[in-house]
Amino acid sequence: MSINNDQPDLQRRDFIGKTVLAAGAATVAPGVLLTVANAGSDEGVSSAVRWGMLIDTNKCVDGCSACVEACDKENGIDLIERPQGQSDEMWNAQRPQWIRKVKLRDTQTGEISNLPMMCQHCEHPPCVDVCPTGASFKRADGIVMVDRHICIGCRYCMMACPYKARSFIHQDIAEQLTSAPRGKGCVESCHLCANRIDAGRETTACQDACNQEGHKAILFGDLKNPDSEIARALKAQHSRQIRADLELNTGVRYTNV
Amino acid sequence: MIKTQYRELYCSSPRYWGGLASLAFIILVGLGAAFYMEHNGHFVTGMSNQIVWGLPHVFAIFLIVAASGALNVASIGSVFGGPMYKPLGRFSGLLSIGLLAGGLVVLLLDLGRPDRLIVAMTTYNFKSIFAWNIILYTGFFTIVGLYLWAMMDRKFEQFKRPIGFAAFFWRLALTTGTGSIFGFLVAREAYDAAIMAPMFIIMSFSYGLAFFIITLMAAYWWADRSIGDLRLAKLKNLLGVFVGAVLYFALVYHLTNLYVTQHHGVERFILLDGGIYTNMFWIGQVVIGGIIPLFLLYSPAFATSRFAITVASLLVLIGGFFQIYVIVIGGQAFPMNLFPGKEVLESSFFDGVVAGYSPSLAEALLGIAGVAVSMILVAIGARMLRVLPESLEDPAEGECV
């Protein structure tokens, strides 16, 4: 066996030391710069309101998917092209679905109910808790959404969401709306049409579509304003949260389910 | 007492460079696979909005868990003062760094936006267990790096014990963090259990030691050095204890779940009618990863068989891989119960049905490349640093007792 390394190689040690130092500086410096650049961000929305929804499942009609189509159109989801050669099953499993229709039967009584499922805009959202970068966040007005500038696509929020409300963008995006930007490799979900609310409007696309069909199953509004239609409706009738056992205090409530 | 001489891992050039070249080839193929997935997007994988973490996560978690366990041998040597383990401490540190690096490479390359690594390193949400893990991983590299230094440089001899202690606690924290990634997921029935954290720790003991035994034997075979029977017997018996402990934790985990009516569905799925997941659990995790290795390790028929130790260690790793597969993929495949007492008749988003997942070749290649990254780092490290004793022959009688 050769013994050609009997003496400690000082040059090598020196080199390793300097490399570690340089790598450390390269890791830390951009972070410092970013933090400095981010200081003094502008004002956000007000916490005096909390946006929420009340869904009357009795009014939600079997076979109607007006809310889903309206959401797809409003948020440019219908612009996403199906990759060539992808099976129906994979397409359904991989394409984004911000809102979906679910049909249920009570295993005891056989009662049938229909309802739309989407992000429930929890007061204590598990997706926000688990997000490593803080990309998943809750606005002061209660809307839970994803900052797609800092989403790294780790998908931990999708693991944590009890409602399967989140979608990952699995392919390149050719066309998109300015009001609903998206990119491959990030996670997204229903944000209660935040673009509309921020522009001063007070209805969501799904609600408009449902009203247009004459069903009026979706009621959107400010939960904190006691005079709002939704607050009065919630006070007058019994409603429930999906998976109330988790005590997430959802912003979306259901009646007759 | 004979002083342990450490020497760089020298073997004939074709043997060494040939080994490195084949590992580098595997890594290149894996990088190609990662590029293919990132370039096209995840639609080319088997992953979906239903199974969001796929095969790469299984590989990554497997390697990360094994990494912290591989450090155990060093901890036994310097924290608990086991003289038989002391000469193995350096290699144990190197292996743990290699395994962690391999696991993290896979984890990173499976992100939706791996180009945003700098965001992950600079923007933290401290309530996220994932964010803690990023800190735990970087800290692990630093502490184990210093630990290696203290073990190798006589000038820093006095720091060996305190850093050894720090590394020991850090590795416990790291695996607690990895286990808690699942333990803190309240929504999914297969997770949401505090036992996940200690279970991951005991899994790490077992996988890490199995990795250690295999790489140690491989390195000594590579360099034509010798390992004593007594030393191998110690490692082997320890592995047996860990394998038994992993089985015990799996038993407690499932018994607890079986007691809770709400969890009967998921238990039925994993233990009885989950198809591939049930097979992986019983055949993969319990028989291949538990019962057969225990038999090989403890049966008097194989008491001195090195082949049996190697096979047992390999089976522990294969069984461990299945165990993590069942936890990660099986736990996601079982549908979340959004509407207790109701059955889902229609949904466009697979509510109430078992989600399908067939991993693509690219995912597997990326995962295997992660293992190759670990092994190439260990091979290069062992060649450059004096981590392996020239001889691991058993000490003369009475020296260690």
Side-chain angles (χ1 to χ4, degrees), chain A residues 1-3 5 27 30-31 34-35 68 83 86 89-90 92-97 100-108 112-113 117 126 128-135 150-156 158-164 166-172 184-187 242-243 246 257, chain B residues 7-8 10 38 40-45 47-53 107 111-114 116-125 127-131 133-134 181-182 184-188 191 223 332 336-339 341-352 355-356 384 386 390:
Chain A
M1 200 165 297
S2 58
I3 311 176
N5 256 4
T27 317
L34 281 177
T35 317
V68 180
Q86 201 189 33
E89 194 181 338
M90 264 331 250
N92 276 330
Q94 290 186 331
R95 72 187 165 94
Q97 300 195 37
R100 62 186 189 267
K101 282 288 299 284
V102 180
K103 186 176 175 180
L104 303 168
R105 179 173 58 203
D106 194 297
T107 43
Q108 278 295 309
I112 303 277
S113 29
M117 267 307 290
V128 172
D129 288 346
V130 302
C131 178
T133 64
I150 53 172
C151 172
I152 58 171
C154 74
R155 322 193 281 288
Y156 197 17
M158 302 176 73
M159 290 290 282
C161 176
Y163 308 103
K164 277 213 310 189
R166 294 212 149 174
S167 299
F168 180 73
I169 300 302
H170 286 79
Q171 70 268 49
D172 273 317
K184 177 180 76 181
C186 287
V187 175
I242 309 286
R243 292 226 55 184
L246 298 174
V257 63
Chain B
R7 181 109 35 228
E8 293 91 340
Y10 277 109
E38 294 300 338
N40 289 292
H42 275 62
F43 87 86
V44 296
T45 70
M47 288 178 263
S48 63
N49 289 326
Q50 319 303 325
I51 303 287
V52 303
W53 286 352
L107 203 60
L111 288 180
R113 296 296 304 262
R116 288 186 177 166
L117 174 65
I118 197 77
V119 176
M121 306 279 289
T122 52
T123 322
Y124 288 109
N125 163 29
K127 204 179 171 186
S128 166
I129 189 80
F130 233 42
N133 273 302
I134 296 172
I181 286 179
F182 297 97
F184 289 5
L185 287 176
V186 291
R188 295 187 189 253
Y191 308 143
Q332 292 176 82
M336 278 190 277
N337 192 6
L338 264 62
F339 309 98
K342 310 255 184 197
E343 65 170 315
V344 181
L345 296 181
E346 281 170 30
S347 161
S348 62
F349 209 53
F350 304 90
D351 289 290
M384 288 178 69
R386 294 176 185 174
E390 196 153 13

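If you're wondering where the values come from, they're calculated on a predicted model, not measured in any experiment. Each chain gets a letter, A, B and so on, in the order the sequences are listed, and its residues count up from 1.
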- Item | Partners meeting salt bridge (Lys or Arg N to Asp or Glu O under 4.0 Å) with A:R95 (sequence neighbours left out) | none

- Task: Look up atom OG in B:S48 and atom CE in A:M158, then write down how far apart they are to the nearest 0.5 Å.
- Result: 8.0 Å

- Item | Min side-chain heavy-atom separation A:T133-B:F130 under 4.5 Å | no

- Message: Need one label for B:L117: side chain, backbone, both or neither, based on atoms under 4.5 Å from any heavy atom in chain A.
- Response: neither

- Task: Check whether B:L111 gets within reach of chain A through its side chain, its backbone, both or neither, counting any heavy atom under 4.5 Å.
- Result: both

- Message: Suppose we screen for salt bridge (Lys or Arg N to Asp or Glu O under 4.0 Å). Which residues come up paired with A:E89, at least two apart in sequence or across chains?
- Response: none

- Message: I need the residue from A:C154, A:G134, A:A135, A:S113 with the largest number of non-hydrogen atom pairs under 4.5 Å to chain B.
- Response: A:C154

- Contact origin within A:K101 toward chain B - heavy atom pairs under 4.5 Å: backbone

- When rounded to the nearest 0.5 angstrom, what distance separates CZ in B:F339 from CG in A:D106? 12.5 Å

- Message: Can you tell me which of A:R166, A:R243, A:Q171, A:Q97 forms the most heavy-atom pairs within a distance under 4.5 Å of chain B?
- Response: A:Q97

- Task: Under 4.5 Å heavy-atom distance to chain A, tell me which part of B:N337 shows up: side chain, backbone, both or neither.
- Result: backbone

- Item | Heavy-atom contact with chain A under 4.5 Å, split by part of B:Q50 | both

- Let me know if A:V68 has heavy atoms under 4.5 Å from chain B in its side chain, its backbone, both or neither. neither

- Within a strict 4.5 Å, meaning less than it, do heavy atoms of the B:R116 and A:I150 side chains meet? no

- For the candidates A:A93, A:G153, A:G185, which exhibits the highest count of non-hydrogen atom pairs separated by less than 4.5 Å from chain B? A:A93

